[in-house]
Amino acid sequence: MVEDFFRIRQEKPLIQQITNFVVQNETANMTLCVGALPVMVWEIEEVAEMVTHAGALLFNVGNITWADSMIVAGKKANELGIPVILDPVGAGATKPRTDAIKRIISEVKIDIIRGNSAEIGILAGAGGKIKGVEAVGESEGILDAACDYAKREGFVVSVTGSEDIVTDGKRTALVKNGHPIMAMVTGTGCMSTTVTAAFAAVQRDYFRAAVGALVVYGIAGEKAAAEAGNRPGTFHTLLYDSIYGLTREDIMGGAKVGFPVSSRA
């Protein structure tokens, strides 16, 4: 993951993002701070042409009105072998939203899906409670549900929460980096998807890409929280500074990754 992190900075891949209004500024800045380049386009007339320049394509389904643009861009990315990362924002909150997300998954080959435990549990058919776009509590059995979902759909499933789960159905990792104050700033989950897309642009083993992204992002969160104290606004700014300033020693010394024995992977 260390080498992948510095490859992003060396290669500066373009991350094309069709994302929602709430987090566009946050995810663009996070893309720059991790070392990649952002472009936010959603007009159906230009998304397919833009993706020819991209290292990765990110869908954030906070605005379902752009589902058609996502499908057009996604099919072009599939044709070119460009990784596609899906953030199923608010899956399960409404039927139109859930249907739009399932339609995207059915028409575009997704490489990594990154969501909270409720979003993933609901899409996996295991259930979950969601209020707006926020998971309510921890979904029971999410580890096995994520593993089964990854096997069934053929993509990497990345579940963020108090302890992150990454699985491709055969390999499973638990990422224990991060800090509770990250939940006090809107868009921190979306920013983790942005970092995941940057890693996928340089690491085509998408399981490794997803694990590396959450470790690096989590370490940055820990360092920012240590400096910010109990001040979410200050933490928000420091999160950008922290990931921008990460060193090899920070990552190698701070990574907290475990491998569960109870998963059916």
Side-chain angles (χ1 to χ4, degrees), residues 17-20 23 57-71 73-75 77-78 83-175 187-194 196-197 200 206-207 209-211 213-214 260 263-265:
Q17 304 177 46
I18 304 176
T19 186
N20 72 75
V23 300
L57 175 64
L58 186 160
F59 300 152
N60 177 310
V61 195
N63 294 100
I64 62 173
T65 54
W66 295 333
D68 288 341
S69 291
M70 292 178 185
I71 289 170
K75 288 183 175 178
N78 289 166
V84 181
I85 293 81
L86 172 65
D87 190 332
V89 178
T94 67
K95 186 176 186 302
R97 178 174 297 268
T98 307
D99 289 346
I101 292 168
K102 289 182 176 179
R103 178 180 164 226
I104 292 166
I105 293 172
S106 71
E107 297 193 36
V108 176
K109 178 185 177 299
I110 303 298
D111 294 296
I112 304 173
I113 183 170
R114 199 295 310 165
N116 62 40
S117 61
E119 292 163 345
I120 297 300
I122 289 166
L123 290 172
K129 294 182 180 179
I130 193 162
K131 183 181 289 184
V133 299
E134 303 293 340
V136 179
E138 298 285 343
S139 298
E140 292 185 8
I142 189 61
L143 177 60
D144 287 334
C147 183
D148 291 343
Y149 191 39
K151 287 179 181 175
R152 187 166 70 246
E153 296 291 346
F155 48 43
V156 171
V157 176
S158 178
V159 187
T160 51
S162 57
E163 184 174 82
D164 304 329
I165 300 167
V166 179
T167 179
D168 63 1
K170 297 178 181 178
R171 299 170 288 178
T172 300
L174 301 179
V175 178
T188 50
C190 301
M191 286 189 268
S192 75
T193 312
T194 301
T196 299
Y206 298 126
F207 173 78
V211 172
L214 294 185
S263 168
R264 294 198 294 266

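- Here Ile104 contributes atom CD1 and Ser69 contributes atom OG; the two are 10.0 Å apart, rounded to the nearest 0.5 Å.
- The shortest side-chain heavy-atom distance between Ile85 and Leu57 does not fall under the 4.5 Å cut-off.
- Taken from OG1 in Thr172 to CD1 in Ile165, the straight-line distance is 8.5 Å, to the nearest 0.5 Å.
- Atom-to-atom distance recorded for Phe59:CZ and Ile71:CD1 is 8.0 Å, nearest 0.5 angstrom.
- Listed here is the closest heavy atom pair of Thr196 and Ala210: CG2-CA, 4.3 Å.
- For the pair Lys102 and Leu123, the minimum side-chain heavy-atom distance is below 4.5 Å.
- If you take OG1 on Thr167 and CZ on Phe207, they are separated by 6.5 Å, rounding to the nearest 0.5 Å.
- Of the inter-residue distances, the one linking Ile18 atom CD1 with Leu58 atom CG reads 9.0 Å to the nearest 0.5 angstrom.
- Within the 4.5 Å cutoff, the side chain of Val211 has heavy atoms near those of the Val175 side chain.
- With contacts defined as side-chain heavy-atom distances shorter than 4.5 Å, the pair Met70/Ile64 does not qualify.
- Within the 4.5 Å cutoff, no side-chain heavy atoms of Ile110 are placed close to those of Glu153.
- Considering Val108, Ile112, Thr193, Ile105 as possible partners of Leu86, the one that fulfils the side-chain contact (heavy atoms from CB on, under 4.5 Å) test is Ile105.
- Pairing each heavy atom of Ala124 with each of Arg152, the nearest pair is O-NH2, 3.1 Å.
- The backbone N or O of Asp68 lies less than 3.5 Å from no partner atom in the side chain of Arg103, so there is not a single donor-acceptor pair.
- The two atoms that bring Asn20 and Gly62 nearest to each other are CB-CA, 3.6 Å, heavy atoms only.
- Taking both residues in full, the closest heavy atoms of Gly115 and Pro88 are given as CA-CD, 4.2 Å, listed atom of the first, atom of the second, then distance.
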- [ ] Please report the C-alpha distance between Ser158 and Asp164 in whole Å, then the side-chain angles of each, then the deciding distance to 0.1 Å, and finally whether the side chain to side chain contact (heavy atoms under 4.5 Å, CB included) criterion is met.
- [x] CA-CA 7 Å; Ser158 178; Asp164 304 329; over 6 Å; no
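- The CE atom of Met191 sits 11.5 Å away from atom CG of Asn60, with the distance rounded to the nearest 0.5 Å.
- For the pair Val84 and Gly74, the tightest heavy-atom approach, listed with the atom from each and the gap, is CG2-O, 4.4 Å.
- At least one donor-acceptor pair closer than 3.5 Å links the side chain of Arg114 to the backbone N or O of Gly189.
- Remark: Phe155 engages Tyr149 in a ring-ring contact (aromatic ring centres under 6.0 Å, His included) (not counting sequence neighbours).
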- [ ] Take Val156 and Arg171 through the test side chain to side chain contact (heavy atoms under 4.5 Å, CB included) and record every step on the way to the result.
- [x] CA-CA 10 Å; Val156 171; Arg171 299 170 288 178; over 6 Å; no
TODO: Starting from the C-alpha separation in whole Å, work towards a yes-or-no answer on side chain to side chain contact (heavy atoms under 4.5 Å, CB included) for Ile113 and Glu119.
DONE: CA-CA 10 Å; Ile113 183 170; Glu119 292 163 345; over 6 Å; no
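- Closest non-hydrogen pair, Ala200 versus Tyr206, comes out as O-CE2, 3.8 Å.
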